[in-house]
There are 2 protein chains.
Amino acid sequence: MHTLNVELGSRGYPILIDAGLLGHAQSFARLAARDALIVSNTTVAPLYMAALRDSLGSRRVVEVILPDGEAHKTLANMARVIDVLVANRFARDCAVIALGGGVVGDLAGFAASCYQRGVAFVQVPTTLLAQVDSAVGGKTGVNHVGGKNLLGAFHQPALVVCDTSTLATLPSRELRAGLAEVIKYGLICDAALLGWLEEHLGQLLGKAPEALGHVILRSCQIKAEIVGRDEREQGERALLNLGHTFGHAVESATSYKEWLHGEAVGAGLSMAATMSRECGLISDEDAERVRRLIELAGLPTQVPTVTPDQMLEHMRIDKKVLGGRLRLVLLRRLGEAFVTADYPPEALARTLAAHCGEGAP
Amino acid sequence: MHTLNVELGSRGYPILIDAGLLGHAQSFARLAARDALIVSNTTVAPLYMAALRDSLGSRRVVEVILPDGEAHKTLANMARVIDVLVANRFARDCAVIALGGGVVGDLAGFAASCYQRGVAFVQVPTTLLAQVDSAVGGKTGVNHVGGKNLLGAFHQPALVVCDTSTLATLPSRELRAGLAEVIKYGLICDAALLGWLEEHLGQLLGKAPEALGHVILRSCQIKAEIVGRDEREQGERALLNLGHTFGHAVESATSYKEWLHGEAVGAGLSMAATMSRECGLISDEDAERVRRLIELAGLPTQVPTVTPDQMLEHMRIDKKVLGGRLRLVLLRRLGEAFVTADYPPEALARTLAAHCGEGAP
């Protein structure tokens with residue numbers, strides 16, 4: 001088993017990574033709570049709920065099972081979780097456990113942050129995307145019809161239990177979506193990881209456990225280090241949003257119904273590479289290399305059903321708008337990203353024109 | 001003008017206290033935000049909105065006016081504030097300003113804490129209760145049908161502008177409600193304040209500016225010190241809940257419709273005194289002295305429409321339940337409070353029997 005620590009003083013916590021962790025009571029030994037609420041969804045609960053309940057031993061366990069999908073990451077469903085906590089008289093010393101992917105983790109974490117002004121929270125991520133990214137770092141929240149993750153809180157988990165054997169049941173579309181975030185880590189700070197991905201993409205798509213274990217561990221290392229240095233995104237952490245301003249606009253423009261988050265990030269990374277080339281930062285060859293890697297991972301690079309104007313409209317409400325200017329994460333080279341509001345508007349227009357389409361049919 | 005500072009490092013902020021502050025642009029000089037959303041209610045907005053808007057100068061200002069009253073401190077109204085922020089494309093560098101009493105402040109502060117995972121928040125309290133208590137300390141939240149303030153966040157304001165001249169328009173029922181929190185400060189840590197209150201209650205009820213100024217300043221001093229030492233209620237801050245476990249149960253048992261928060265706290269303080277006497281902590285004379293002071297302030301000490309069983313049911317979901325035990329704040333003497341879960345259940349039963357009634361007619 002690998003144990004990584006997110007170093008945040010009194011809010012620090014371990015990330016446990018190994019096959020089979022979910023089925024071991026020992027994985028949850030550090031959880032003091034007597035009462036636990038497990039939040040999951042209709043896809044994941046039938047697969048792993050029983051094992052997780054067993055591992056929680058004599059604790060009182062209550063479940064909330066949400067419909068599956070980004071469209072259900074709403075304030076209304078967060079309120080439903082709160083209603084169950086209240087109805088069962090859960091006290092401030094309870095724990096909320098997210099069993100599922102990023103949607104379940106973000107929503108359950110937000111509920112945990114709000115209930116009684118904050119109760120303990122445990123992430124048990126079951127998708128590649130959640131294991132490499134969303135389960136670590138304490139960003140929680142729900143979507144608003146006007147924009148992605150517009151309501152939320154920073155609320156660090158007390159524990160992340162990353163059971164890599166859950167990926168055996170992950171649909172390949174979800175696996176590819178998770179790879180988008182791994183490619184992101186390579187682009188922002190680890191050129192060696194990019195090269196490794198290009199060589200091992202076949203093994204990853206074939207779910208070879210060793211290859212998956214490598215990217216999960218490396219991704220969690222990178223994320224834990226960045227979050228440890230900048231918990232609340234005052235600076236460096238914003239780099240983790242590479243491709244996300246574009247991606248979030250794709251998701252909200254399509255009402256969170258057509259795209260998986262990771263797919264939108266894939267297209268967004270491709271747009272960020274194009275934009276970096278349009279700004280004269282990276283070469284045509286490097287932009288093409290990014291595009292090819294995203295395509296090889298089976299991810300989209302084009303967004304035919306959203307127009308450039310729709311993209312701009314949805315990008316205007318992005319959380320990185322400051323002083324009326326939209327800041328973007330761009331690439332200085334492959335393996336080095338930076339945040340800037342200083343770019344030619346024409347470069348953005350050309351980027352969107354190159355990747356977007358005619359709108360919904 | 002008095003300026004008190006809440007010492008919380010990078011989250012520290014000033015409390016400005018003086019007559020007329022709301023009408024001076026200078027009061028808001030430290031507010032960097034270009035865009036401001038003012039949250040107020042139908043009672044306060046007609047009185048002070050225009051003056052506040054003037055003081056905000058060239059900033060873009062948008063308003064949300066809520067219905068007045070504790071029954072409207074709901075998640076649905078918090079969501080309404082978020083909808084307005086999104087509809088107006090407010091960015092993370094905006095500010096949310098609460099103009100009103102505790103309901104407006106708690107709800108607006110919770111919206112500010114959630115929107116884009118946290119934007120700047122300014123308190124402009126216009127009731128005595130908000131000026132002496134709820135505007136300071138960063139507790140935000142909304143009620144749940146199952147219990148008071150069950151959803152919320154710790155989100156410190158960036159600034160508290162306490163304009164004492166707004167009390168001129170405050171209904172006397174609201175003024176009395178605010179006095180409950182002042183009496184609370186005396187009971188938990190300032191016996192001298194208790195004696196001062198007994199001597200000056202007539203002046204306070206007659207809205208003598210000097211007397212009001214004295215209790216506002218002293219109350220903010222006490223609260224700022226306690227919050228500075230224990231921001232997130234790991235210890236000492238729980239003392240500020242004296243009377244509140246009883247009071248919150250009164251409020252939620254009556255669906256937040258009959259009682260002002262301060263009235264429920266008044267009755268709750270009286271119950272806490274009775275309970276302290278029943279536990280052999282304070283004398284009959286001291287308990288009687290507390291009861292008399294609350295009555296002289298024009299506050300209720302009895303709760304005829306709620307039964308003891310209903311009280312117990314609503315107290316079970318209190319945020320101070322830990323390890324299945326309800327902790328209570330009790331008095332060791334007048335001017336010294338402590339938190340304990342170690343009390344005879346019969347003492348609680350006798351206390352509730354002495355103060356509660358037959359239930360709703």
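Since the model is a prediction, treat every value here as computed from it, not as a measurement. In the text below, chain A, chain B and the rest are named by the order of the sequence lines, each starting its count at 1.
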[X], part contacting chain A, at a heavy-atom distance under 4.5 Å:
{"X": "D35(B)", "value": "neither"}
{"X": "R92(B)", "value": "both"}
{"X": "F90(B)", "value": "backbone"}

Which of T140(B), V142(B), V145(B) touches chain A most, by non-hydrogen pairs under 4.5 Å = T140(B)
Given the options V119(B), L85(B), L150(B), V321(B), which has more heavy-atom pairs under 4.5 Å with chain A than any of the others?
->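 Counting heavy-atom pairs under 4.5 Å, the top option is L150(B).
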Separation between SG (C114(A)) and NE2 (H144(B)), nearest 0.5 Å, reads 12.0 Å
Who wins among G141(A), G118(A), G323(A) for the most heavy-atom pairs under 4.5 Å with chain B?
->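 Of the candidates given, the most pairs with chain B belong to G323(A).
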Highest number of heavy-atom pairs under 4.5 Å with chain B: which of R316(A), R34(A), K139(A)?
-> K139(A)
K319(B) to Q116(A) - nearest heavy-atom pair and separation =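 For K319(B) versus Q116(A), the nearest heavy atoms are CA-OE1, 3.0 Å.
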Under the side chain to side chain contact (heavy atoms under 4.5 Å, CB included) criterion, do E313(A) and R89(B) qualify, and how do the steps go?
-> CA-CA 10 Å; E313(A) 178 63 17; R89(B) 305 277 177 214; 2.6 Å; yes
